[in-house]
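Here the structure comes first, spelled out in structure tokens, and everything after it is commentary.
The structure presented is a predicted model; accordingly, all values stated were derived computationally and were not measured.
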Amino acid sequence: MYADSYFPKFLVDKVKTILIDLCFEIEKTSPKNLDEFYQLTHSATIKINELQDDFYENNSEIETVARESIGQDFDIIAKSYGFDADPEEIIAPREW
């Protein structure tokens, strides 16, 4: 998303921060199963949902390219922490 000028960098930074915070939360709580992991990813997804208005106000939106990029980031995080998670379930509460 950083490479595409359609997405304001400061908002991409906010998404990045949410994802980094997710990693810290995973390390802090050590989820023991997929249900616990999904609780954390769903919380992060909801925080990203809350950025939609900010994107709109800056003539942008979380659309197909962003959705795929963010979804891949969540999937990479899941795999990095050893979770064989369903990519759609990871971001199930998404509104983007």
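Atom-to-atom distance recorded for H42:NE2 and K47:NZ is 14.0 Å, nearest 0.5 angstrom. Interatomic distance, I18 CD1 to D73 CG, rounded to the nearest 0.5 Å: 12.0 Å. Here the straight-line distance linking atom CG of D53 with atom CG of N58 works out to 11.0 Å at 0.5 Å rounding. Considering OG1 of T45 and CG of L19, their distance stands at 8.5 Å, rounded to 0.5 Å. In this structure, NZ in K79 is found 6.5 Å from CG in D84, a value given to the nearest 0.5 Å.
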Passes side chain to side chain contact (heavy atoms under 4.5 Å, CB included), D21 versus T17? Steps please. CA-CA 6 Å; D21 289 347; T17 298; 3.7 Å; yes
Please lay out, stage by stage, how N59 and Y6 fare under the test side chain to side chain donor-acceptor pair (under 3.5 Å). CA-CA 8 Å; N59 300 314; Y6 178 67; over 6 Å; no
Y38/D86 under side chain to side chain contact (heavy atoms under 4.5 Å, CB included): CA gap, chis, key distance, verdict: CA-CA 10 Å; Y38 290 145; D86 177 335; 3.7 Å; yes
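The two atoms that bring A85 and D75 nearest to each other are O-OD1, 4.4 Å, heavy atoms only. Shown here for I70 and I48, the closest heavy-atom pair between the two residues is CG2-CD1, 3.9 Å. Scanning all heavy atoms of the two residues, the minimum distance from M1 to F7 falls at O-CD1, 3.7 Å.
F83 pairs by the ring-ring contact (aromatic ring centres under 6.0 Å, His included) definition with F37, not counting sequence neighbours.
A salt bridge is absent between D13 and K9; no separation between the charged side-chain nitrogens and carboxylate oxygens falls under 4.0 Å. We find that E61 and R67 are not joined by a salt bridge, their nearest charged nitrogen and carboxylate oxygen being 4.0 Å or further apart.
Residue F10 is not grouped with residue Y56 when hydrophobic side chains (ILVMFWY) are merged at heavy-atom distances under 4.5 angstrom, including chains of intermediate members. With hydrophobic clusters built from ILVMFWY side chains whose heavy atoms lie under 4.5 angstrom apart, V15 shares a cluster with V65. Side-chain heavy atoms closer than 4.5 Å link hydrophobic residues (I, L, V, M, F, W, Y) into clusters, and following such links, possibly through other members, connects Y2 to F55.
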Listing, residues 27-36 side-chain donor-acceptor contacts under 3.5 Å, not counting sequence neighbours, or none:
{"residue": "E27", "atom": "OE2", "partner": "Y81", "partner atom": "OH", "Å": "2.5"}
{"residue": "T29", "atom": "OG1", "partner": "E25", "partner atom": "O", "Å": "2.8"}
{"residue": "K32", "atom": "NZ", "partner": "S30", "partner atom": "O", "Å": "3.3"}
{"residue": "N33", "atom": "OD1", "partner": "D35", "partner atom": "N", "Å": "3.1"}
{"residue": "N33", "atom": "OD1", "partner": "E36", "partner atom": "N", "Å": "2.8"}
{"residue": "E36", "atom": "OE1", "partner": "K32", "partner atom": "N", "Å": "2.7"}

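Between the side chain of S69 and the main chain of A66, no donor-acceptor pair closer than 3.5 Å is present. Using modelled atom types, one side-chain atom of N49 and one backbone atom of E95 make a donor-acceptor pair closer than 3.5 Å.
At most 12 heavy atoms of other shown residues, nucleotides or ligands fall within 6.0 angstrom of atom CZ in F24.
Note on ring orientation: taking the six-membered ring where Trp is involved, the planes of W96 and F74 are parallel (angle under 30°, cut-offs 30° and 60°).
Side chains of I90 and I77 form no contact here, defined as non-hydrogen atoms less than 4.5 Å apart.
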